[in-house]
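Written out below as structure tokens is the structure these notes cover.
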Amino acid sequence: MLTSHATNIYANSKARLQIREIARPTVTGVSRSGVLQDVASPLPRQIPRPAQRAARPTSATATSSGVPTADSARGTKIVDNVYDVIVVGGGLSGLVTGQALSAQHGVNNFLVTEARERVGGNITSMSGDGYVWEEGPNSFQPNDSMLQVAVDAGVEKDLVLGDPKAPRFVYWQNKLRPVPSGPDALTFDLMSLPGKIRAGLGAIGLINGAMPNFEESVEQFIRRNLGDEVFERLIEPFCSGVYAGDPSKLSMKAAFNRIWILEKDGSSLVGGALKLFQERRKNPPPPRDPRLPPKPKGQTVGSFRLGLKMLPEAIERRIKDQVRVNWKLVSLTRDGDRYSLVYDTPEGRVQCYSRAVALTAPSYVVADLIKAEVPAAAEALSSFDYPPVGAVTLSYPLSAIRDDRKDAQGNVPGFGQLHPRSQGVTTLGTIYSSSLFPGRAPPGHMLLLNYIGGATNRGIVNQTQEQLVAQVDKDLRLMVLKPDAPAPRVVGVRVWPRAIPQFNIGHLELLDKARGALEAKGWNGVFLGGNYVSGVALGKVVEYGYESAAKLAKHLTAAQKQVAV
């Protein structure tokens, strides 16, 4: 589900005025106040706040790597250091870039700056009254990149993995139907026999037609290759779950490139898969890092013992001397062979210089920063769409769950469920949080994380908490709850006005336009990053963070050689 993704430490301080709208959520009710509430009861119960984390530097005055030594005429403090790299944005992309610069490339003269009061971006793990829940991304695919970053950050022992046999469901024709996961591919009832035959013939290239010379949407690509049933019953709800997007607008090439490239290279999906397998046999990947945990079996997902927040917080501890929070970047300019970055900080305005800059903030934030200096790049970046998404976390007694959803032990197995837009359900999808990972709810309770909104339902930003909860509860009663189920306990409600970047048709061309404009301006040391570049899944973000660090290190080496010559 929505990945793609911290303890509630919002303070009553003017320092909360961060980079404008950088993934800043609209919080209704419990998430901001720290209250769990029963809809049926007006009496709130306070969540104990976590212990205050140890203080760390928020400005350059507290580090030996660069201190403000002079004031300009406008009172700006100038840092007495030229950094090798400044990473703008303390989300997972920026943190992984910083950690990799240090651990893998020996670059320690860098900063990671974050406009808000905490690192982690949209990763927002909460806890209280026996619950642990997510209000942003909820999990990740435990590929080697994710395992690598967990090891590098020292939290591999805190990894938790879902049951690889846990079924996933799609709501179709008034029934939750399991998605095929292996041997059941021929017997599952989500698709008809003619639909399965059509998908098979298209996959091997018999009736998929020629690949067109224009950029196809996800809908066009899937209908042509695999047929209408695969699109309507599998891919459309999947797009809603991953991107909260509209598959008639999402680009297959940009959003699902690894699948798109199979047909491009092999004339069909099966042909491309066989060709890829042969190439990997001829050119096997390098040996796997022996420090990594064993590869999880099956199709599972992962998190950490206390939620996803454990990863960014662990990386922050590793590079704490290079992390600055409450630093809002207000200008970025070129100054000879270096870049000037001016920040508003709790100690006043600070100016830093760097040989390279990695911009990992959302594209619309970056566009505002560079529009005066590189307007063509800003125009391209500002065109990316970020629709709103709401995370509504509700708890019900296990006794309220329909008996046909339970196993012989009375538990509710499964990863979660997706809801095609055609089935009359407003909620995009539901995660069975307490079934997926241990310790997410008190005994006897079922914790359900529900996502609502997205590209086809933008009106959620105008709805109240009560309206969102009522809609989700109504949908759940249609699918998983008994008719006499009690009102839910509202564990958390959070609306992200700009949640997930949409990789719509033309996305890659716009990204190339932005990069080309930066290069034409002579800003070769400015690198674009973040999930609008890498992809929205956490594994993609982490993978790109490592790649970004390698590119930055290579750029620094080339620049040093040029100076030496």
Cationic tip of Lys196 within the cone over Phe188's six-membered ring, i.e. under 6.0 Å and within 45° of the normal? yes

Would you kindly check if the NZ (Lys) or CZ (Arg) of Arg405 is within the cone defined by 45 degrees around the ring axis of Phe169 and under 6.0 Å from the six-membered ring centre?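 Here Arg405 passes the 6.0 Å and 45° test against Phe169.
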
Quick one: side chain to side chain donor-acceptor pair (under 3.5 Å) partners of [X], sequence neighbours excluded?
{"X": "Thr97", "answer": "none"}
{"X": "Lys165", "answer": "none"}
{"X": "Ser422", "answer": "none"}
{"X": "Arg421", "answer": "none"}

With a 4.5 Å heavy-atom cut-off, do Phe437 and Ser139 have their side chains touching?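 Yes, their side chains come closer than 4.5 Å.
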
Taking the side chain from [X] and the backbone from [Y], do they hold a donor-acceptor pair closer than 3.5 Å?
{"X": "Glu236", "Y": "Pro247", "value": "no"}
{"X": "Asn411", "Y": "Asp407", "value": "no"}
{"X": "Asp158", "Y": "Arg305", "value": "no"}
{"X": "Tyr532", "Y": "Gln502", "value": "no"}
{"X": "Gln423", "Y": "Pro420", "value": "no"}
{"X": "Thr300", "Y": "Gly162", "value": "yes"}
{"X": "Asn531", "Y": "Ser534", "value": "no"}

Kindly write out the residues that satisfy side chain to side chain contact (heavy atoms under 4.5 Å, CB included) with Leu292, not counting sequence neighbours, or none if the list is empty.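 Leu292 satisfies side chain to side chain contact (heavy atoms under 4.5 Å, CB included) with Asp144, Leu147, Gln148, Val151, Arg288, Asp289 only.
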
Please name all residues satisfying side chain to side chain contact (heavy atoms under 4.5 Å, CB included) with Ser145, sequence neighbours left out, ordered by chain then number. Asn143, Val542, Glu543

Measure across [X] and [Y] and return the closest heavy-atom pair with its distance rounded to 0.1 Å.
{"X": "Gly94", "Y": "Val112", "answer": "O-CG2, 4.0 Å"}
{"X": "Ser399", "Y": "Lys406", "answer": "CA-NZ, 3.9 Å"}
{"X": "Met146", "Y": "Leu311", "answer": "CE-CD2, 4.0 Å"}
{"X": "Gly89", "Y": "Glu114", "answer": "C-OE1, 3.8 Å"}

So, taking the atom named [atom1] in [X] and the one named [atom2] in [Y], what distance separates them when rounded to the nearest 0.5 Å?
{"X": "Ile401", "Y": "Lys482", "atom1": "CD1", "atom2": "NZ", "result": "9.0 Å"}
{"X": "Gln173", "Y": "Leu190", "atom1": "CD", "atom2": "CG", "result": "9.5 Å"}
{"X": "Leu449", "Y": "Thr430", "atom1": "CG", "atom2": "OG1", "result": "8.0 Å"}
{"X": "Leu538", "Y": "Gln141", "atom1": "CG", "atom2": "CD", "result": "10.0 Å"}
{"X": "Phe304", "Y": "Lys157", "atom1": "CZ", "atom2": "NZ", "result": "14.5 Å"}
{"X": "Ser395", "Y": "Leu448", "atom1": "OG", "atom2": "CG", "result": "8.0 Å"}

Partners meeting salt bridge (Lys or Arg N to Asp or Glu O under 4.0 Å) with [X] (sequence neighbours left out):
{"X": "Arg224", "result": "Glu216, Glu263"}
{"X": "Arg440", "result": "none"}
{"X": "Asp246", "result": "none"}
{"X": "Glu219", "result": "Arg223"}

Tell me, with the steps shown, if Asp475 and Tyr171 meet side-chain hydrogen bond (donor to acceptor under 3.5 Å, both in side chains). CA-CA 11 Å; Asp475 290 341; Tyr171 184 71; over 6 Å; no

Distance-only side-chain donor-acceptor flag, Arg233 / Ser192, under 3.5 Å: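 Result is no, nothing qualifies.
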
Checking side-chain polar atoms at under 3.5 Å, does Asn504 have a donor or acceptor matched by the opposite partner on Tyr243? no

With sequence neighbours excluded, what pairs up with Tyr432 under the ring-ring contact (aromatic ring centres under 6.0 Å, His included) test?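 If we apply the ring-ring contact (aromatic ring centres under 6.0 Å, His included) test to Tyr432, skipping adjacent residues, there are no hits.
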
Taking atom CD of Gln299 as the centre, report whether more than 12 heavy atoms of other residues, nucleotides or ligands fall under 6.0 Å from it. no

Would you indicate whether Lys474, at its atom NZ, is surrounded by more than 12 heavy atoms from other residues, nucleotides or ligands within a distance under 6.0 Å? no

Which pairs would a plain distance check flag for residues 381-389, meaning a side-chain donor or acceptor within less than 3.5 Å of a matching protein atom at least two apart in sequence or in another chain?
| from | atom 1 | to | atom 2 | distance (Å) |
| --- | --- | --- | --- | --- |
| Ser382 | OG | Ala378 | O | 3.1 |
| Ser382 | OG | Glu379 | O | 3.0 |
| Ser383 | OG | Ala380 | O | 2.6 |
| Asp385 | OD1 | Arg458 | NH1 | 3.2 |
| Asp385 | OD2 | Arg458 | NH2 | 2.6 |
| Tyr386 | OH | Ser363 | N | 3.0 |
| Tyr386 | OH | Ser363 | OG | 3.2 |

In terms of relative ring orientation, are Phe503 and His507 parallel, tilted or perpendicular, with 30° and 60° separating the classes?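 It falls in the parallel class, under 30°.
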
